[in-house]
Structure formats: structure tokens, C-alpha cells
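Below is one structure, written out as C-alpha cells, with a few remarks after it.
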Number of protein chains: 2
Amino acid sequence: MDQKPKSSTRRGSGRVTLADVAARAGVGAITVSRALKNPQQVSEKLRVRIDRAVRELGYIPNQAARALASSETKIISVIFPSLSNAVFADLLDGIHDCLQPAGYRTMLANSHYSEGEEEELIEMMLAQNPDGIIITGIDQSEQTHQRLKRAGVPIVQTMELGDNPLDMNVGISHLAAGRAMTDYLFEQGYRHIGFIGARMDKRSQRRLRGYREAMLERGQDPDRYVLTSLSNTSFQLGADLMTQLVARHGEIDALFFSNDDLAAGAIFECQRRGIQVPRQLAICGFNDLEFASAIAPSLTTVSIPRYDMGRTTAQCLLDRLQGRQGPRQIDVGFSICRRESTL
Amino acid sequence: MDQKPKSSTRRGSGRVTLADVAARAGVGAITVSRALKNPQQVSEKLRVRIDRAVRELGYIPNQAARALASSETKIISVIFPSLSNAVFADLLDGIHDCLQPAGYRTMLANSHYSEGEEEELIEMMLAQNPDGIIITGIDQSEQTHQRLKRAGVPIVQTMELGDNPLDMNVGISHLAAGRAMTDYLFEQGYRHIGFIGARMDKRSQRRLRGYREAMLERGQDPDRYVLTSLSNTSFQLGADLMTQLVARHGEIDALFFSNDDLAAGAIFECQRRGIQVPRQLAICGFNDLEFASAIAPSLTTVSIPRYDMGRTTAQCLLDRLQGRQGPRQIDVGFSICRRESTL
DNA sequence: CTGTTAGCGCATTCAG
DNA sequence: CTGAATGCGCTAACAG
């Protein structure tokens, strides 16, 4: 007669609950809970009965309840400044591929390169009680730092290495990379090396600083051949900025672009205008996106292991969550990919 | 003497709770709850007191508890077959930009083009009690369909239009797009039109079907000039497949690639080998990624409004969640971008 | 190995 | 407009 064991019921999602499964299997609720999380803690016999009941009823555990009871959400918050940028897409791919099999879910947010948005998002994310947080770069405000520290959640700052990690830090030194590329161009014999950048987020700024330091070391004017724009990166912008800078300084023989998109745009423009690359003008970029090796001439660039950086970032978090103690800071390194555009 | 109103405390995150704020402000917990969600339901006086208490204590609401009590999570689950693919990155960008300001959080998962993984992910996602689900394409298994329908959650299938939407559906017809491009090539005077595809997911397959139907209509052999690979798309693969197909059929005068990456790889290869595009060989792609208009010669391709498709997809969900009744199906349309590679 | 009891923090219901 | 009681579904702690 009592088909409905649920008694009161003012509310309720109507979904099958742990109690339903327990009733069906003729055991206590907690036993079902254990059978699902630590099967070895439950006798073979009960486990089978429970598994059957779970399947028959189509039970899906309620994460919110689980989170509330155990204060473990299995959620990792990821805050990126852009999603359409291939660099972050690859990073995200690596992060997800590492988290997913470990049973963690990825909650994503886009700050659009705005510090203000980033702070709001962090607030929003903290409300979710994430088990871990991944943020981009090392330039959060002091207030944000405090907020994050108080949250008491493992954090990885990714993409870029800094002196004072909030907690853990995975990335590369964009300053060192900017220097390395400039040095390389010098070694190749170029003497009038320009720098072209767009959007100029913190990482681009540090690449530029690397360029300027290298120029200074060689006794060159660090500002003369620099042209930056606050606009967003695009192929067209690369072409336009190159045109401007070269028109102003005809002696320029090499251009270091703050990313591959700009550099490729410049190469395409050279193709159209019949400028020989690298004979008349050497060109190099940053990131080593897939097209860098495909275009003609192929593009010299700084290669960074984006996907692996993502995996490493996530792994740091997992290590901490599983009680292992790893390094606080990991330099995943970069390398100069020497290709046709700077032969 | 009783500084700690919290009595038992075996557990507890230690974080500030609604009750703490209520005590501080000298009101009931529910009043604080209301002051945060519907400020106009609370008198000015109390609201000010409460706001102050919230700030002083640094209160952050606990989403899990909120979700459990209200069965509203404000989470939208998004399942994509790839994250590194620029098409999905842009789609995601649009989705996120629409959901974020509306107070919804995006939970992301990558099925790696695998139906099996997709099913597992859906299971995992349902455990989160999302308020809505976005999945890619129209080819889920019958079992998955049932599962999703039983969940009773608004769903949008995105990217591609189908006859039998699970719930809501936003996208384009890839078949029609494949036909349209093939027709266009015919109109341009090409007579030996090949098709080259990679990965051959469902949408690429439908583009191919569009090509084949158009070929048949013109009395052409629909299979003779087709070459597909199950490998993942890459620039290099585009070059290789082109080389193979052209070697086999020297009479081919136009190639329709299932995406821009393959097409661009082919164009770069032509540049290297001195093949005139489009004079000797016309080339076109699919998606209209940013580089399509930048490369030389610029690439004819099918343009699809990825970012807007993302926004529309998310908006459909929001409309439903806010009780508005919108259309079940939205065709966001495509267009042929005629550029230099098929002049 | 299994069950009982008691809450996790919030929002719903209903009463003032 | 405000509050008290109650339970959302699950798991930690302890007992058996």
C-alpha cells in the first residue's frame, strides 16, 4: 500500500535519491553511499544488490548534496582572459584532459583581459566552493590575493612565472623569452630589429621588456623601433603595423612580433607586396601556433608547450588535492623555433 | 558568554554563513537571504544593516547549499567534441558571454569526438543538476536522448540543424552548405571538382553529402574525386591529401576542403610548389577562420557566425529558463565568402 | 562490514 | 515586511 516511501514532500526534485536506492536494495543509505565511493568497503553481496538497484532506478547522485555534506565539490575553477585565443584553448584542453579522468569538473570563466571582471569572477567562483582554482598570470591586485588566500583553496597561477607565487605557479618567463628571441636575431646578423605588439597584456609587456633589455645590452636604442597597439591582435593589424613601422624606419631588417598572428599577417602582406622574407625583412613571432610551421616561408617563433603546460597546471592541483607535496613553481620552458622567416 | 552561537560543530567549512550575518545584523537568516536576492522585499533600514554585516564578515554564499535548498544551480553544462578547435572556442566564447552576465556559470566538458565519452560526460553533468545543457550536433544515441529527456532540463543542440530536435536546436545545415559551395564552384566554371576531408565527424560527413548531391545533380561521379582521412585535421594533412588526390587525377581544377585548415595547408603547399591558385587549381574551405581572409591568395570559404551562434544558443536556454517561449529551432545561416582562391 | 544519528547552509512554506 | 520551523540529499562520526 505504501508505494511512496517518501513521507512529507513539500518539495523535492522528484529525482531518485540515495534513500530510494537503499530501500530498494534493502540496506541503509550510508551503505549505498560507500558502495559508490569505496566499493571495497562493502561486501560483495551487498555491492551487487546495490549496483543493481542503482541501475534499475537510474540513480544519479546529487552533487550539491554531496558538496554540502562533505565540503568537496570536485570543481576546479578556471579563469582565463580570453577563450577564443588559441593559446588559451590549448591550455584549457590540457587542463581538462588532466582533470576529467580524475573526476574533477571544470568551471570556466572569461575575464576579457579585464582586472575588474577578473575580481568579480573570482568572487563568483569562490561561491561555488571550488576544490581548486586556476588563474592566468601573476598580476592580480593585492585585494584579490588576500581574497584568494583567505579562501584556503589550492591555486595555480599559470602561463607565466613570477617571483611571489600566490600558491603554486606554472609557466614560462616571458621576459626571458623576449630576450632570447632578440638575442637570436642578433646572432643571425640582424642589426636593426624592431618590435611590434598588440593588446599588450602583461605577458606581451614582459616580452617587450625582454626585447628592450637585449637591445640595451647591445648598445641599441630600445625604443626607436618599437610599435605597439592596444587593439586586439589580428592578422590585418600585423600587416598594418608592419607597414607603418617600416615606412618610418626603412633600415629595419628584422621584426619581432609579440605573437604569431601579427607575424603571419605581416608575412602575408609581404607576399602581396613582393617583399622578400627573410632576405629583405626577417620576421618572427611568438607561441608557435600550428600555422607557424605551415606558412611559406615558415615562421620563426618562440615555442611554448601550451597543452603540456595545461596538464602540468592541473596536475599540480591534483597532487595537492591528493595530499602529495610537489614543487611550488614549475618552469615548463620555451624554445626558439628557427624557421625560414629568419634564415 | 556564548560568543559562539554555533553549537555542536563536528564539521563545517569554517566559512561565514548566512546565520552569522543574520546574527551580526540582528535579523533572521531568511531576511538576509531575501536582502541578497530580492532587495526590494526588505525594508531600507534592514537592508543597510545587512549589507554592512555582509561586507564586514566577508560573507560569500554557499552555492551548494543554495542549490540543494532551491534545486537551482545556475550551472549550464556545455559538452563539446573539441576545445582546441577554433570553431568551438568561438562558440564557447559566445555562450559564455551570454551566460555570465545573466548569472549562470559554465561547466565545460570535452568528449574528444567520442560518443562513448559523451555519454559518460552527460552522466557526470547530470549529477551536477545543471539548469541547462548545451551539446554539439544532433547525433546522440537513442539511449542518451532518453537520459536527457528524463532529466527534464532544457537542452540546446548546437552547431547543426536536425529534423528531430531533442528540445531546442540552433545551427546551420551542413548539408546545404556543402551543396551551396559545390554549386558555387560549378557556377565559377570548374568542372572537375574534388572534395578533401579529415576527421570526418558527422558535420564533415554532411558537408560531403552536400557535395555528392550537387555532383549527382550535374551528372558527375560523386565519388571519383573524393579523398578523406580519419586523421585529425592539420595544415600538413591538407597539403598531403591534396598532393595525393591531384597526383591521381590531374584533371582536377577545384578542391573543396572540409575545413579551412586543410585548405590553407593546401594553399601553402601550392605556394611552395609554384602551383598557381586559382588559375591552375581553385581551393576553398569551410568555417571562415580569421586567417582565411588574410592569407595570399585569400581563401574562399563558407562563413558561419560562430560567436553569434554561441550567443543564440545560450539565449535560447535563458529564454526558456526565464519562462519565455522561443522558437524550437533557429537557423543562424551561412554564406559563401568569395575570395581570391576561386576567382 | 553495516547502521544510526545528526547536521552541512540555505530557501521554502506558512504564520505573524 | 519579517520570522520560525523544516527539509533538500548526502556523508562524517561514532557505535555495533
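All values reported here derive from a predicted model rather than from experimental measurement. Letters A, B, ... mirror the listed sequences (proteins, then strands); counts begin at 1. Any value given below was found using the heavy atoms of this structure, including those in side chains, with hydrogens, waters and symmetry copies removed.
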*If you find the nucleotide of DNA chain D closest to B:A65 and the one closest to B:V42, which residue's nucleotide is nearer the 5' end?*
B:V42
_Between A:R24 and A:E56, does any NZ, NE, NH1 or NH2 come within less than 4.0 Å of an OD or OE carboxylate oxygen?_
yes
*Can a side chain N or O of A:S70 be found less than 4.0 Å away from OP1 or OP2 on C:dC8?*
no
*Determine: side-chain N/O of A:T17 to OP1/OP2 of D:dC8, distance under 4.0 Å, yes or no.*
no
_Length of the CG-P vector between A:N38 and D:dA13, whole Å_ = 14 Å
*Spacing of B:I50 atom CD1 relative to D:dC1 atom P, expressed in whole Å*: 13 Å
*Can you say whether the rings of A:F88 and A:F80 are parallel (under 30°), tilted (30 to 60°) or perpendicular (over 60°)?*
tilted
_Give the residues of residues 25-33 of chain A touching DNA chain D, defined as any heavy atom closer than 4.0 Å, sorted by residue number._
A:I30, A:S33
*Between atom CD in A:Q128 and atom P in C:dG9, what is the gap in whole Å?*
16 Å
*Can a donor-acceptor pair be found between the side chains of A:S141 and A:E119 at a distance below 3.5 Å?*
yes
*State which of C:dT2, D:dT2, D:dC10 makes the closest approach to the side chain of B:S43.*
D:dT2
*asked:* By the 4.0 Å heavy-atom rule, please label B:E44 as base, sugar-phosphate, or nothing.
replied: nothing
*salt bridge (charged side-chain N to carboxylate O under 4.0 Å, His left out) contacts in which one or both residues fall within residues 132-155 of chain B, not counting sequence neighbours*: B:E123-B:R147, B:D139-B:R206
_Separation of atom CG in B:L36 from atom C1' in C:dC10, rounded to whole Å_ = 11 Å
_Nearest to the B:L18 side chain among C:dC10, D:dG9, C:dT2, which nucleotide is it?_
C:dC10
*Taking NZ, NE, NH1 and NH2 as the nitrogens, is one of them in B:R320 or B:D167 under 4.0 Å from a carboxylate oxygen of the other?*
yes
In a table with atom names and distances, give each donor-acceptor pair under 3.5 Å that connects a side chain of residues 32-40 of chain B to protein atoms at least two apart or in another chain.
none

_Interatomic distance where CD belongs to A:Q40 and P belongs to C:dC1 [whole Å]_ = 9 Å
_Keeping A:D20 on the side-chain end and A:T17 on the backbone end, is there a donor-acceptor pair under 3.5 Å?_
yes
*Rounding to a whole Å, what distance do you find between A:E72:CD and D:dT11:C1'?*
11 Å
*asked:* Whole angstroms only, please: what is the CG-P distance between B:L68 and C:dG7?
replied: 17 Å
_Rounding to an integer number of Å, can you tell me how far B:K74 NZ sits from C:dC10 C1'?_
15 Å
